[in-house]
Structure formats: C-alpha cells, structure tokens
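Hydrogens, waters and symmetry mates play no part in the numbers below; they use all other heavy atoms, side chains included. Indexing begins at 1, ligand by ligand and atom by atom, following the structure's order.
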Amino acid sequence: MSEIAAWHAGEEEYLQAVEEVVRAVITVEKADAQYTAARVLRRLAEPDRVIAFRVEWADDKGEIRLNRGWRVQHSNLMGPYKGGLRFHPSVTRSILKFLAFEQTFKNSLTDLPLGGGKGGSDFDPSGHSDAEIMRFCQAFMGELVRYIGPSRDVPAGDIGVGTREIGYLAAAYKRATGEAEGAITGKALCIGGSELRVEATGYGLVYFVCAMLARAGEEIEGKRVAISGKGNVARHAARKAMQLGATVVSLSDSSGLIAAEDGLSVEALDWITARADAGQSVDTPPKRVGFEYLPGKKPWQIECDIALPCATQNELDADDARALVEGGCRFVAEGANMPLTNKAAAVLLKAGVLHAPGKASNAGGVVVSALEMRQNAAFRSMPAEEVDGLLRDIMVGIHRLICEEANRGTAKSTAEVDYVRGANIAAYRRLARAVVDHGLI
Ligand code: GLU
C-alpha cells in the first residue's frame, strides 16, 4: 500500500477503496506464483488513464461558466470501459477514481463483458434551468466524445445524471459522430433505452437481499427495512421491498430523515417521487402521506432488520453501525457505492451482521446497462418481464459466486458469510486471470 499511497497522495476515497480490496485479496495473490509475478494488485491499483478537461458553457443570461470534467478509464480487461457519469459539486478526481476502481470489480462480478470506468463533473444540475442543463451536457459531451464509443467506453448515469441528461448527452454524441448507435446507456425507451433501466439498481438490490435472506432461511415479507437516500436507487428499492411485503421505515436526503415507524405507504412514496422529480424538497409533507421529516437526522437509529444505505459514499460511520447493531439489524446491503467507512464495516463484521458491499449488491444498474447494449447491438428490444428475469438471475448468480468464494476452504458455519471478502476475492480472481492472459498491456 505504501507505494500506492505515495502515487495517489491525498486521494482519500481512492485509497480507501483500494485498501479494502488489498486487505481482502493480498493472501490470494501471495499464494499464487503467477499472480505475484504479474503484480496483479499493483497494476489494478493504477487506472489505465484519467482524462481531465475544461467544460465551458453559457448560462441563461449569456454569462460564461466553467466546470471541471473527468473520465477515469480504469480497466478494459473484460470489455469496453463501462460506468456512469456523476454531476455533483462534491465530485473530485479522487471520487471518480474510487468509483471507477469499484466499477471494474463490480462489473467483473456480473460475468458480463464489461470493463470499468467512471466520469463526471463538479457541475450541480439542481437550480439550473432545463436549457442550461442541456447546454452543459452538450459542452461536456463535446469533449468526452473523443474518448468513448460502443466498443471503447460506454458511459451511463449516476448521481445528478438521469434520463434527461442522458438524452442530451446522447444527442450531442450523435451530432458529433453522425452515428445513431448510442455509446451511452440509461437512455429513454423511445431513443433505444431498456425497460427497467431506471428501476434496475433498486430492484437488483432487493433481489440480492432476498438471496441473502433465503440463504439464512428467511424471507423479506414482514421485515423492517431502513433505507437512506431518496434518489433513484432508494426509491426503487423501497418500492420493490414494499411490493414483496416488507415495511419500509425510512428514506432520507442530505438535510434530514423521512421517518415512518409504521411503514411508508405507497401514497407517501408516490408523493416523494413526484416532489423529487420536480426538484422540490420533501421537508413539509402533508398530513395524509403519514411520515415525519426530521432535519439533520439519519435513518440508522430506527429499529430495523435490514438496512440499505442508498445515498452516497461514507454516509454510514462506525457510530451509525453500532446504532444499527443495537437496533437489531442483521442484514446490510449497499445500494450506494462505498456508503460504509471501513471502520463501520469492521463493526458489522465483528457483530455478525451480514454486510453486502455495493460492488455486489448494487450491480443491478450496470447489469441492465449491459442488457441495453445487447439490445442496441441486436436491434431487438426485450419486454420488461424478460429484463426483470435476467436481472434477478444475474443478482442471484452474483450472490452464489460470493458465497462459494467466501466459504472456500473454511470450516465456517454456513450462516456466516463475509460478503466483503467473498466479493473482492471473486472479482479479483476473474480480473487476475485476465491480467495474466493479456501479458504486458
Ligand atoms: N452508475 C451506476 C453504477 O454505479 C451504473 C453504471 C452503468 O450503468 O454503467 O453502477
């Protein structure tokens, strides 16, 4: 780690993500002469390239605005670089590097032919008019277009980049290249998108949780589920959990907690969705929707069986993890990317709480992105039931792979699965094989 830390000095999030993987897989690498000689970990800890660019655009008053843009192409060992774009003021090089690194591991777990990448900008879409967002997207793609393509690098959405932004980005790509083929996923259905892409991450998360529960001889019906976030992932996880008979006790946003001790109603979720889509706050719910908004609070004090952190990186710290353990939580599955600090993960592991890392449990989004690429390439679109069936099968397959890996060679009781270790090692093995087979790249 010391050389990696020196090469990436000051990039805390990146080093945190790499350290989690190194800790889990170092013994696997050391035990294999080929992997050791190929310096697999050291090489995977360096992105293939980091592209940085200036984005200039004009606001509605005609004033010139500047933002920073990046694309981190982490690894194309398994296929074209694949991963979302994030537009948020918190975006830095370090954050995109950690996300791209995670994406490479996540994508390899899906067993689909996808490499890993991530990009974005410190641009904040909230508070901007539609026309400004469109001009920003056009300017951003004006630069990004040189580096992407259907077999080269295929971006998608992430925080701040939804169907609307993807539409503007796709149009700018078409305009610049003259190619109708989308080099981007998450498109609206009418422009070559896939059924269920919007729902995919949240639904996939719940399918993964159902597999964790099934393994423990339990089911989701009747369970109390605490969820953070109120974005795409959180809302669709809540909806699927509710459809399957769970009681969803919370959602949240960056300013506070949506608390529903007796369970969020479908009406409340619809109201939250409408407000969030319109860019409006949810802090003054009408009485009929039946939840409380508590400013400054997080969901992890509420008693629950299952916790799904779906907001953003490092949102759940060691104190929050202890609160979850005290409140009886037994399953944690990450909907966001790296929402737990490494200390929080250690608290859960020690307490015997089963904890699925995002690179496994939130892979549903990229899975349906891959299905979108497949549909585009085949000139054939799949009905929602077919997409849903494949999504479910792939999430269950990831779960199975991790459990086999986590229990390999150990005499542990079958109830115990170290999902973090299992996911990292399973992904590493696939990537290590590809590193060795490629020789020097
Ligand atoms: N941003 C999503 C993720 O974190 C989806 C990426 C994609 O569909 O390419 O996995």
Side-chain angles (χ1 to χ4, degrees), residues 13 17 70-76 78-88 91 95-110 112-121 144 148-163 165-166 169-170 182-188 192-205 208 229 231-234 236-237 308-313 315 333-339 356-376 387 390-391 394-395 398 423 427:
E13 295 84 2
W70 292 270
R71 183 71 180 166
V72 180
Q73 296 181 329
H74 182 262
S75 165
N76 64 359
M78 313 299 260
Y81 302 107
K82 183 82 195 87
L85 298 171
R86 178 176 291 191
F87 292 168
H88 192 269
V91 164
I95 287 187
L96 296 177
K97 277 169 66 179
F98 113 66
L99 289 164
F101 177 82
E102 288 280 299
Q103 196 81 44
T104 295
F105 281 73
K106 177 189 321 193
N107 293 0
S108 87
L109 284 176
T110 68
L112 294 161
L114 301 171
K118 201 88 184 191
S121 171
L144 189 66
I148 65 172
S151 61
R152 193 169 175 194
D153 184 349
V154 185
D158 196 80
I159 295 172
V161 179
T163 314
E165 289 75 17
I166 295 289
L169 291 162
I184 195 158
T185 60
K187 300 183 288 292
S194 174
E195 290 280 3
L196 291 187
R197 176 61 190 86
V198 179
E199 294 85 349
T201 314
Y203 283 16
L205 174 64
F208 192 93
N232 188 26
V233 182
H236 290 106
L308 306 177
C310 296
T312 195
Q313 65 273 356
E315 57 167 299
E334 300 180 357
N337 290 310
M338 204 171 75
K359 56 177 76 92
S361 50
N362 77 25
V366 79
V367 164
V368 175
S369 274
L371 298 178
E372 181 173 332
M373 289 161 75
R374 188 187 290 180
Q375 293 171 84
N376 291 165
V387 176
L390 285 169
L391 170 63
I394 294 172
M395 296 310 294
I398 295 173

* To do: Take Met373 and Leu114, measure what side chain to side chain contact (heavy atoms under 4.5 Å, CB included) needs, and give me the verdict at the end.
  => CA-CA 11 Å; Met373 289 161 75; Leu114 301 171; 4.1 Å; yes
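- Remark: the backbone N or O of Leu371 is paired with a side-chain donor or acceptor of Gln375 at under 3.5 angstrom.
- Taken from NZ in Lys187 to CG in Asn376, the straight-line distance is 4.0 Å, to the nearest 0.5 Å.
- Judged purely by atom type and a 3.5 angstrom limit, Glu334 uses its side chain to pair as donor or acceptor with the backbone of Gly358.
- Between Ser194 and Val387, some side-chain heavy-atom pair lies under the 4.5 Å cut-off.
- For Glu199, the side chain to side chain contact (heavy atoms under 4.5 Å, CB included) partners are Leu196, Tyr203, His236, not counting sequence neighbours.
- Annotation: ligand 1 has protein neighbours Lys82, Gly83, Gly84, Gln103, Lys106, Lys118, Ala156, Gly157, Asp158, Arg197, Asn337, Gly365, Val366, Ser369, each with a heavy atom less than 4.0 angstrom from the ligand.
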